[in-house]
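Because the structure is a prediction, the values reported are computed rather than measured.
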Amino acid sequence: MTQNVISWFLALFGITLPVVLIFWFIGLKGFVELTKYEKGDSFLYRLNPVTKVLFGVAVMIVASTTIWWIGAILTLAILPLYLTLNSGVKKFGYVVMLTLSSIVGSTWAIAPYTPPYIIQQVFPNQQPIVVWKWPDYFAYMGYVPDLTWQAIVYGLQTAFRITATLVSALLLVVSTSVSDLFKSLTKVKIPLAVTFSLMVGFRTIPKIFELMDTSLKMQILRGLGYGKPGFVRTLYYIYGGILAIVPTMVYLFRGAKSLAISADTRAFRAYPRRTLLREPPITRYDYVMFGVIAGLIAMDVVANLVGFGRDIPYLGL
């Protein structure tokens, strides 16, 4: 009986803790803050959008091809940059909570499912340390019979590859306007169809969270979770967030028609090339960032040459 109770507690821990961190400490309003562009004066706002794209790609390459602690260092180095944004302290708090939830969720999504042969490749000279033994019926959910300490460490190491890419990508989103990104991608000859698709997604993501937040608030005004204890009320809010998906999708589908009409009235793709009234400039901040990007690539090459390349085999590879 005790084994079953503790096992279900551990299984639900990896699901509930990230959800609590997201809904309790971040909330839909926090996601709006992390996905919506606002004008600012710091150096991040002055960087050319292409420079920020290249920086995100460089971070992704380095984090995925080098040893795990390099990804952890990159994550810790990028997080303070959020303090330079508008409402920087607030955004920094939100992104820290998002990073923690990503670490916990990613670790717990990998550790219980990691087969022994992967653990042997990652830790070839270590005897597996069994932390917990799952009940036999957990195998139907894909769980490996024994949860080892090495599996938890493996999940944690893989999580830092995700967080480095996540925090660098969000920097582009919160510090770049849709129009500037469109102009920059057009300037470097990205096909207009691809650019337009990216811009629609770029503009839609914060709209999704705004609409879900509005729908959830309307449900709260109608009495959702009224008079319930704090923890139970949080579950009601999660339920309300699920119910908000349908009206959000309906509104977005209606908006898609308006977007198509807007593009047609502006003669989008009437000519093979666009003319720009103002092109995003290349400033001294961009040249500094180019140096940082070159340094990251050089570090990646050196790390692989001296034996600090990717030592974690991904599942299935």
**Asked** Do side-chain atoms of S168 reach the backbone of T165 as a donor and acceptor pair under 3.5 angstrom?
**Response** yes

**Request:** Kindly give the heavy-atom pair with the smallest separation between V59 and A164, and that separation in Å.
**Result:** CG1-O, 3.5 Å

**Asked** Taking the side chain as C-beta and beyond, is there a heavy-atom pair between L85 and S175 under 4.5 Å?
**Response** yes

**Request:** Kindly say whether T66 contributes a backbone atom to a donor-acceptor pair with the side chain of R161 at under 3.5 angstrom?
**Result:** yes

**Complete:** Scanning both residues in full, the closest heavy-atom pair of M141 with Y113 reads O-CE2, 3.4 Å

**Prompt:** Is the closest side-chain heavy-atom distance between R46 and D41 below 4.5 Å?
**Reply:** yes

**Asked** Are V62 and M299 side-chain neighbours, meaning at least one heavy-atom pair lies under 4.5 Å?
**Response** yes

**Item:** Residue pair M289 / T51: nearest heavy atoms and the distance that separates them
**Value:** CG-CG2, 3.4 Å

**Asked** Has the side chain of Y45 got a donor or acceptor atom that lies under 3.5 Å from a matching backbone atom of N86?
**Response** yes

**Asked** Any donor-acceptor pair under 3.5 Å linking the side chain of E38 with the backbone of V174?
**Response** no

**Asked** Is the closest side-chain heavy-atom distance between L79 and F92 below 4.5 Å?
**Response** yes

**Item:** Side chains of L76 and I73 in contact at under 4.5 Å (non-hydrogen atoms)
**Value:** no

**Asked** Between T176 and V173, is there a donor-acceptor pair closer than 3.5 Å when you use the side chain of the first and the backbone of the second?
**Response** no

**Message:** Taking V104's backbone N and O only, do any of them form a donor-acceptor pair with T107's side chain (distance below 3.5 Å, no angle check)?
**Reply:** no

**Request:** Flag the pair T248 / I245 as yes when at least one side-chain heavy-atom distance between them is below 4.5 Å, and no otherwise.
**Result:** no

**Complete:** Value for CD1 (I152) from CH2 (W132), rounded to nearest 0.5 Å, stands at 12.5 Å

**Prompt:** To the nearest 0.5 Å, how far apart are CG in L81 and CZ in F55?
**Reply:** 6.5 Å

**Prompt:** Counting distance only, does the side-chain N/O of Y82 pair as donor-acceptor with the main-chain N or O of V167 below 3.5 Å?
**Reply:** yes

**Message:** I'd like to check the side-chain contact (heavy atoms from CB on, under 4.5 Å) partners of Y137; sequence neighbours left out, ordered by chain and number.
**Reply:** N4, W8, P135, Y140

**Request:** Among I119, T114, I118, find the residue that satisfies the side-chain contact (heavy atoms from CB on, under 4.5 Å) test when tested with Q150.
**Result:** I119

**Gap between atom CG of L44 and atom OG1 of T84 - 0.5 Å precision** = 4.0 Å

**Fill in**
Taking every heavy atom of L34 against every heavy atom of L98, the minimum-distance pair comes out as CD1-CD2, 4.1 Å

**Prompt:** Under the salt bridge (charged side-chain N to carboxylate O under 4.0 Å, His left out) rule, what pairs show up with a residue in residues 122-137, not counting sequence neighbours?
**Reply:** K133-D146

**Asked** For the atom pair CG (L47) and OG (S42), what is the distance rounded to the nearest 0.5 Å?
**Response** 8.5 Å

**Complete:** All heavy atoms of I162 vs all of S102, minimum pair found to be CG2-OG, 4.0 Å

**Request:** Check for a donor-acceptor pair, side chain of Q157 on one end and backbone N or O of W69 on the other, with a separation under 3.5 Å.
**Result:** no

**Prompt:** Ignoring hydrogens and geometry, is there a side-chain-to-backbone donor-acceptor pair from D300 to L296 under 3.5 Å?
**Reply:** no

**Prompt:** Does Q219 have any side-chain hydrogen bond (donor to acceptor under 3.5 Å, both in side chains) partners at least two apart in sequence or in another chain, and if so, which?
**Reply:** none

